[in-house]
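So that the names make sense, note that chain A is the first sequence line, chain B the second, and so on, each numbered from 1.
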Number of protein chains: 2
Amino acid sequence: MSKLSSAGEKFILHWGEMGTRWGVNRSVAQVHALLYVSPNPLHAEEIADTLSVARSNVSTSLRELQGWGLVRVVHLLGDRRDHFESMHDVWEMFHVILDERKRREIDPTLQMLRSCVTEIQQGEKPDKHMQERMTWMLEFFEGMTSLYAEARRLPPHTLRAWVRGKGKVRRWIDSLLGSD
Amino acid sequence: MSKLSSAGEKFILHWGEMGTRWGVNRSVAQVHALLYVSPNPLHAEEIADTLSVARSNVSTSLRELQGWGLVRVVHLLGDRRDHFESMHDVWEMFHVILDERKRREIDPTLQMLRSCVTEIQQGEKPDKHMQERMTWMLEFFEGMTSLYAEARRLPPHTLRAWVRGKGKVRRWIDSLLGSD
DNA sequence: CTGTTAGTTCAGTTTATACAGAAATAACTG
DNA sequence: CAGTTATTTCTGTATAAACTGAACTAACAG
């Protein structure tokens with residue numbers, strides 16, 4: 001795959017753009033997109049050629065993607081070059097990304113909020129307004145975190161099955177919970 | 001509120017940093033954080049002074065925040081300056097942000113994926129691999145979108161009540177859905 | 001060994017974005 | 001209507017991040 005189809009190019013460019021909107025480097029997102037649609041693992045030079053970026057850029061992008069756990073190295077017999085392939089299960093990909101962003105961003109935020117609340121409480125003249133607001137925020141993040149932890153514990157294919165066909169059951173549960 | 005407490009400062013700086021990680025301008029996030037913890041609406045100059053940024057910067061940041069629907073103008077009797085206050089319900093804030101990011105980013109992505117899949121199908125020699133991968137991605141986004149739409153329909157306080165106290169019920173539902 | 005290929009690291013450059021300050025506009029006051 | 005205050009818009013500058021190309025390291029092949 002040295003030349004991209006029109007759809008492939010469209011997808012990769014859009015994915016790169018999406019990346020920037022969510023705080024991910026454009027090249028990193030593009031490499032990820034390319035590996036996602038590629039039928040077979042690619043080596044660095046193929047990637048660089050296809051995306052028209054420097055090899056060094058590809059190297060660091062691949063490093064980043066491996067750090068996220070989205071891409072892994074594959075070796076082919078008779079070829080000493082590293083080849084790379086993306087995780088292909090989109091739902092699993094989603095989980096990996098959420099886990100990682102939680103670890104990198106949500107957990108530190110929880111820490112920060114807890115230390116702010118403690119600090120306010122221990123001050124001489126505690127600012128009740130601010131304490132209240134920060135507590136709300138803290139409770140929100142704690143709630144979402146535990147909700148996610150619960151969802152995370154579901155058997156792997158439950159969520160996708162649920163989303164696909166369980167509208168009825170879900171609505172029934174909603175009504176149950178709503179009447180409380 | 002012209003001088004910030006230590007906790008307030010810590011919160012605002014962290015929030016600004018979080019913003020950048022999620023593709024939101026640092027100043028915008030800081031202004032939002034400040035208004036969130038502020039006990040009363042603030043006018044532009046107060047904000048600029050407190051955060052040590054230019055008024056013009058505050059002006060555009062406030063515009064942005066109003067565009068998101070997170071901040072609104074308030075007028076006080078005997079004061080012709082605009083004052084601004086943030087939405088204070090964190091759960092509602094979350095919904096507003098998700099709705100807006102869906103509209104700005106997810107919906108265009110769905111469009112892009114649909115047009116890619118169509119384009120591949122209509123090509124002379126359809127690339128089956130790529131079609132499959134893009135279809136998976138499309139189904140994922142469609143699934144998440146409809147799941148979110150359902151959650152969105154829940155009565156306003158259901159989710160927070162659920163998160164707070166419904167661990168038991170939730171686990172029971174999980175087991176129900178898991179055994180299917 | 002020596003030449004070649006793969007991969008990484010680093011220094012310098014480019015690019016995009018954020019930001020400040022000035023200028024322009026608008027709204028109000030006496 | 002003149003003077004003042006609030007707000008927005010615009011232009012140029014500063015900053016941070018991304019990216020390239022070259023230098024370097026490592027691994028291998030003959």
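Counting non-hydrogen atoms under 4.0 angstrom, B:Arg63 reaches the backbone sugars and phosphates but no base. At a threshold of 4.0 angstrom between heavy atoms, the contacts of A:Arg80 include nucleobase atoms, whether or not backbone atoms are also involved. Within 4.0 Å (heavy atoms only), A:Asn57 reaches at least one base atom of the nucleic acid.
Spacing between atom CG of B:Asp79 and atom C1' of D:dT7 amounts to 14 Å, rounded to whole angstrom units. Computed from coordinates, the A:Asp82 CG to C:dT8 C1' distance equals 11 Å when rounded to whole Å. Separating the CG atom of A:Asn25 from the C1' atom of C:dT14 is a distance of 15 Å, rounded to the nearest angstrom. One interatomic measurement links the two molecules: CG of B:Leu76 to C1' of C:dC28, which rounds to 17 Å at whole-angstrom precision. The distance between atom CD of B:Glu45 and atom C1' of C:dG21, rounded to the nearest whole Å, is 15 Å. Between the P atom of D:dA6 and the CG atom of B:Leu62 lies a distance of 15 Å, rounded to the nearest Å. At whole-Å resolution of the value, CD in B:Glu17 and P in C:dA18 are 13 Å apart. Per the geometry, CG belonging to A:Leu42 stands 16 Å off C1' belonging to C:dA6, to the nearest Å.
Linking ILVMFWY residues whenever their side-chain heavy atoms come closer than 4.5 Å, directly or via other members, places A:Met134 and A:Leu138 in the same cluster.
Distances from the side chain of A:Ala54 to the nucleotides D:dT20, C:dG7, D:dT9 place D:dT20 closest. Closest to the side chain of A:Arg81, out of C:dG7, D:dG21, D:dT9, is C:dG7. Ranking C:dA22, C:dG7, D:dA6 by closeness to the B:Arg55 side chain, first place goes to D:dA6.
Annotation: side chain of B:Leu34 is not in contact with side chain of B:Phe11 (no heavy-atom distance under 4.5 Å). Counting only heavy atoms from C-beta outward, the side chains of A:Glu45 and A:Asp49 approach each other to under 4.5 Å.
A donor-acceptor contact under 3.5 Å is not formed by the side chain of A:Ser27 with the base of D:dA18. For A:Ser59 against C:dG7, no side-chain N or O and base N or O form a donor-acceptor pair under 3.5 Å.
Residue pairs meeting the side-chain hydrogen bond (donor to acceptor under 3.5 Å, both in side chains) criterion with at least one partner in residues 112-122 of chain A, sequence neighbours excluded, are A:Arg114-A:Glu142, A:Ser115-B:Lys10, A:Glu119-B:Ser6, A:Glu119-B:Lys10.
Relative ring orientation between A:Tyr36 and A:His32 is described as tilted, the plane-to-plane angle lying within the 30° to 60° band.
Between A:Arg26 and A:His43, it is A:His43 whose nearest contact on DNA chain C lies nearer the 5' terminus.
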